[in-house]
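Worth knowing before you read on, the calculation uses all heavy atoms, side chains too, and leaves out hydrogens, waters and symmetry mates. Atoms within each ligand, like the ligands themselves, are counted from 1 in listed order.
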Amino acid sequence: MVAEISKGLEDVFIKTTTLTNIDGIKGILRYRGYDINDLVEHGTYEEVIYLMIYGSLPTKEQLNTLKEKMKKHYNISSDLLNILAKLPKNADAIGMLEVAFSVLASGEVDYKWKPDADKEKAIELIAKSLSIVANIYRIKEGLPVKNAVIKESYAETFLNVCFDKPVPKEFVNVMDKALILYADHEVPASTTAALVVSSTLTDMASSIVAGLAALKGPLHGGAAEAAFKQFIDIGNVNNVDSWFNKHVLENKERLMGFGHRVYKTTDPRSKIFKRFSETFSKYNKEVDRYYQIASKLENLATNEFSHKGIFANTDFYSGIVYYGLGFAPYMPTPLFALSRVTGWLAHVMEYVEEQERIIRPRAIYVGIDRRDYVPIDKR
Ligand code: CMC
């Protein structure tokens with residue numbers, strides 16, 4: 001057997017899926033056959049959760065049943081809230097999320113694989129993510145932890161826990177669409193990490209911890225925060241040219257929110273996030289400043305890199321949208337994680353229940369073949 005390594009596992013297929021289909025050349029993204037633009041235009045996050053977990057869009061009755069089920073699980077135990085509140089004030093938000101799901105994995109609730117109950121457990125974990133992320137935000141903002149007051153939708157309930165003031169309908173709508181946009185994306189590093197972990201038949205909550213650990217890196221979900229911080233660093237649209245020349249062209253730093261392993265054209269999610277940031281920019285001067293910086297930077301970078309197939313990805317504009325919703329600059333990655341929990345769970349269930357085999361690749365040994373042991377005083 002001639003062993004070959006595909007660096008970064010490029011073009012290695014790990015599973016079959018009926019969840020998400022990406023055409024990276026045409027810039028198409030579909031969840032179970034539905035185009036992302038249609039889902040964002042007409043759907044809600046709860047419909048997408050149902051679609052991903054149960055396989056089809058829900059009827060009105062199925063949707064109501066799902067919403068009722070989720071409402072029962074929005075809140076988390078006071079023990080978990082207390083653990084989160086005791087973490088250092090400057091703790092990393094994704095690190096706090098890892099702690100939260102580790103607590104769930106430690107047996108607070110039983111998330112072991114049980115095929116007849118997995119979907120119910122997945123819904124429970126998706127619902128609990130709401131209070132976990134919202135309370136991490138509250139703790140980092142110096143606000144007391146609080147339970148969810150149940151509102152009409154997941155997005156509205158979430159924003160309501162985060163902020164101590166009424167949230168305009170348009171904001172709820174944008175939050176709902178952002179949740180749809182980040183819900184799944186086939187098998188990026190985080191989903192692959194979750195799959196590797198779940199293939200050992202560990203519990204569902206531990207698979208999420210694995211997903212989170214991979215997500216927070218700046219080459220993956222951490223790019224959402226890093227992209228927004230780039231715009232803060234640039235500060236003003238007049239500085240874009242000099243910043244781009246110095247950082248990207250001269251120092252060869254990677255432009256955050258640009259490039260993708262699969263897309264060789266603009267990520268369709270990026271176009272939607274750009275549209276939302278443009279809308280916010282009409283009403284909010286700060287957002288407008290960041291939007292002007294980002295769109296100028298996108299033009300410069302596209303001119304420079306398009307011949308290499310490097311374009312804006314979903315993380316480029318999302319931070320501006322979250323900032324427009326009122327979130328602090330460290331929140332884009334936790335908000336990415338909030339809805340990606342759905343994709344991670346849908347993929348690990350698909351794998352464990354249909355294609356289970358432990359994921360155990362090989363490494364090609366290239367070290368010294370055999371050596372005699374030398375006692376320590378003779379080395
Ligand atoms: N800025 C500048 N050059 C880039 C960038 C970038 N953002 N992305 C790729 N390149 C160049 C890279 O230097 C290399 O050039 P050369 O062939 O001359 O050495 C070439 O493009 C191929 O890069 P690669 O690292 O082999 O590509 P990859 O498929 O392994 O990496 C990526 C994909 C997303 C990690 C990479 O594009 C990147 O680092 N982007 C910036 C971070 C980012 O935005 N990540 C979010 C990804 S999408 C959403 C998500 O997962 O969260």
*Asks:* Residues sharing Val366's hydrophobic cluster, by side-chain heavy-atom contacts under 4.5 Å among ILVMFWY, directly or via others?
*Replies:* Ile5, Ile364
*Asks:* Determine whether a donor-acceptor pair (N or O, by modelled atom type, separation under 3.5 Å) exists between the side chain of Tyr31 and the backbone of Ile180.
*Replies:* yes
*Asks:* Suppose we screen for side chain to side chain donor-acceptor pair (under 3.5 Å). Which residues come up paired with Glu156, at least two apart in sequence or across chains?
*Replies:* none
*Asks:* Check ligand 1 for close polar pairs with the protein: N or O on both sides, less than 3.5 Å.
*Replies:*
unit_1, atom_1, unit_2, atom_2, d
ligand 1, 1 (N), Leu255, N, 3.0
ligand 1, 7 (N), Leu255, O, 2.7
ligand 1, 7 (N), Phe258, O, 2.8
ligand 1, 15 (O), Lys308, NZ, 3.1
ligand 1, 18 (O), Lys308, NZ, 2.9
ligand 1, 25 (O), Arg254, NH1, 2.8
ligand 1, 25 (O), Arg254, NH2, 2.9
ligand 1, 29 (O), Arg261, NE, 2.8
ligand 1, 30 (O), Arg261, NH2, 3.0
ligand 1, 39 (O), Arg254, NH1, 2.8
ligand 1, 40 (N), Phe258, O, 2.8
ligand 1, 44 (O), Gly257, N, 2.8
ligand 1, 44 (O), Phe258, N, 3.4
ligand 1, 44 (O), Asn313, ND2, 2.9
ligand 1, 45 (N), Leu219, O, 2.8
ligand 1, 51 (O), His220, ND1, 2.6
ligand 1, 52 (O), His220, O, 3.0
ligand 1, 52 (O), His220, ND1, 3.3
ligand 1, 52 (O), Gly221, N, 3.4
ligand 1, 52 (O), Asp315, OD2, 2.7

*Asks:* Salt-bridge test for Arg370 and Asp372: reply yes if a basic N is under 4.0 Å from a carboxylate O, no otherwise.
*Replies:* yes
*Asks:* Does a side chain donor of either Arg357 or Ser199 reach within less than 3.5 Å of an acceptor in the other side chain?
*Replies:* no
*Asks:* Just to verify, what does Asn82 make a side chain to side chain donor-acceptor pair (under 3.5 Å) with, not counting sequence neighbours?
*Replies:* none
